[in-house]
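Nothing here was measured: the structure is a model prediction, and the numbers come from that model.
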Amino acid sequence: MRDRYGHDDRRAWNRDWRRDTRYNWSNYRYRNRSVFHLPRYYAPYGWDYGYRRFSVGVMLSAPLFVEDYWIDDPWTYRLPEVYGPYRWVRYYNDALLVDVDSGEVVDVIYDIFW
């Protein structure tokens, strides 16, 4: 995946973003509950397994992280901007950071939505 300057951006994801007060999604959600109340999640066609709690390192099936499930504006939920092959993806009530080249989950926030 190329960054906005045309360079291949394969930096490892840094989970230290959670210490940055700009990304305090929990406090923001407490004050802005309606932002996190999303329409019902519909699993992709063919996904018959229901909800499974995925953790960092899990390889997802491609239909779970197609563009339809991307969180286009992570800042709306006080999540950090992504770079390179990473995309925030909604999975039921969770936000998963996925390397869309490999399908690997590199970060997770459970129960961010309802």
Engineer: Quick one: list whatever passes side-chain hydrogen bond (donor to acceptor under 3.5 Å, both in side chains) with Tyr28, sequence neighbours left out.
Structural biologist: none

Engineer: Find out whether Leu97 and Val82 are in side-chain contact, i.e. whether some heavy atom of one side chain is under 4.5 Å from a heavy atom of the other.
Structural biologist: yes

Engineer: Write down the atom of Asp101, the atom of Pro85, and the distance for their closest heavy-atom approach.
Structural biologist: OD2-CB, 3.5 Å

Engineer: Validate the cation-pi geometry between Arg78 and Trp75: distance from NZ or CZ to the six-membered ring centre under 6.0 Å, angle to the ring axis within 45°.
Structural biologist: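 Here Arg78 passes the 6.0 Å and 45° test against Trp75.
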
Engineer: Under 4.5 Å between any side-chain heavy atoms of Val89 and Leu64, yes or no?
Structural biologist: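 When only atoms from C-beta onward are counted, Leu64 and Val89 do not touch, as no gap falls below 4.5 Å.
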
Engineer: Do Met59 and Phe54 share a hydrophobic cluster, counting only Ile, Leu, Val, Met, Phe, Trp and Tyr and linking them when any side-chain heavy atoms are less than 4.5 Å apart?
Structural biologist: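 Different hydrophobic clusters.
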
Engineer: Taking the six-membered ring for Trp and the full ring for Phe, Tyr or His, determine whether the centres of Tyr69 and Tyr91 are under 6.0 Å apart.
Structural biologist: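 So the answer is no for these two rings.
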
Engineer: Considering all heavy atoms of both residues, which atom of Arg87 and which atom of Val100 are nearest to each other, and what is their separation?
Structural biologist: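 Scanning both residues, the minimum pair turns out to be CG-CG1, 3.8 Å.
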
Engineer: Going by atom type alone, with no hydrogens or angles, which donor-acceptor pairs under 3.5 Å involve a side-chain atom of residues 37-53 and a protein atom two or more places apart or on another chain?
Structural biologist:
from	atom 1	to	atom 2	distance (Å)
His37	ND1	Trp114	O	3.2
Trp47	NE1	Gly50	O	3.1
Tyr51	OH	Asp94	OD2	2.6

Engineer: So, the side chain of Arg90 versus the backbone of Tyr92: is there a donor-acceptor pair under 3.5 Å, distance only?
Structural biologist: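 Yes; at least one donor-acceptor contact below 3.5 Å.
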
Engineer: Could you go through the side chain to side chain contact (heavy atoms under 4.5 Å, CB included) check for Phe65 and Val105 one step at a time?
Structural biologist: CA-CA 10 Å; Phe65 59 90; Val105 175; over 6 Å; no

Engineer: Do Asp107 and Trp88 get their side chains close enough for a donor-acceptor pair, meaning under 3.5 Å?
Structural biologist: no

Engineer: Between Ile112 and Phe36, what is the shortest heavy-atom contact and its length?
Structural biologist: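 Residues Ile112 and Phe36, closest heavy atoms: O-CD2, 3.4 Å.
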
Engineer: Less than 4.5 Å apart, any side-chain heavy atom of Leu96 and any of Val106?
Structural biologist: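 In short, these two side chains do not touch, never coming nearer than 4.5 Å.
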
Engineer: Is a donor from one side chain sitting under 3.5 angstrom from an acceptor on the other, for Thr21 and Asn24?
Structural biologist: no

Engineer: Looking at side-chain heavy atoms only, is the closest gap between Tyr77 and Val35 below 4.5 Å?
Structural biologist: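 A side-chain contact exists here, since the closest heavy-atom pair is under 4.5 Å.
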
Engineer: What pair of heavy atoms forms the shortest contact from Pro80 to Pro74, and how long is it?
Structural biologist: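 Minimum heavy-atom contact is O-CB, 3.8 Å.
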
Engineer: Can you give me the closest heavy-atom contact between Leu79 and Ala95, atom names plus distance?
Structural biologist: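 Here Leu79 and Ala95 meet closest at CD1-CB, 4.2 Å.
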
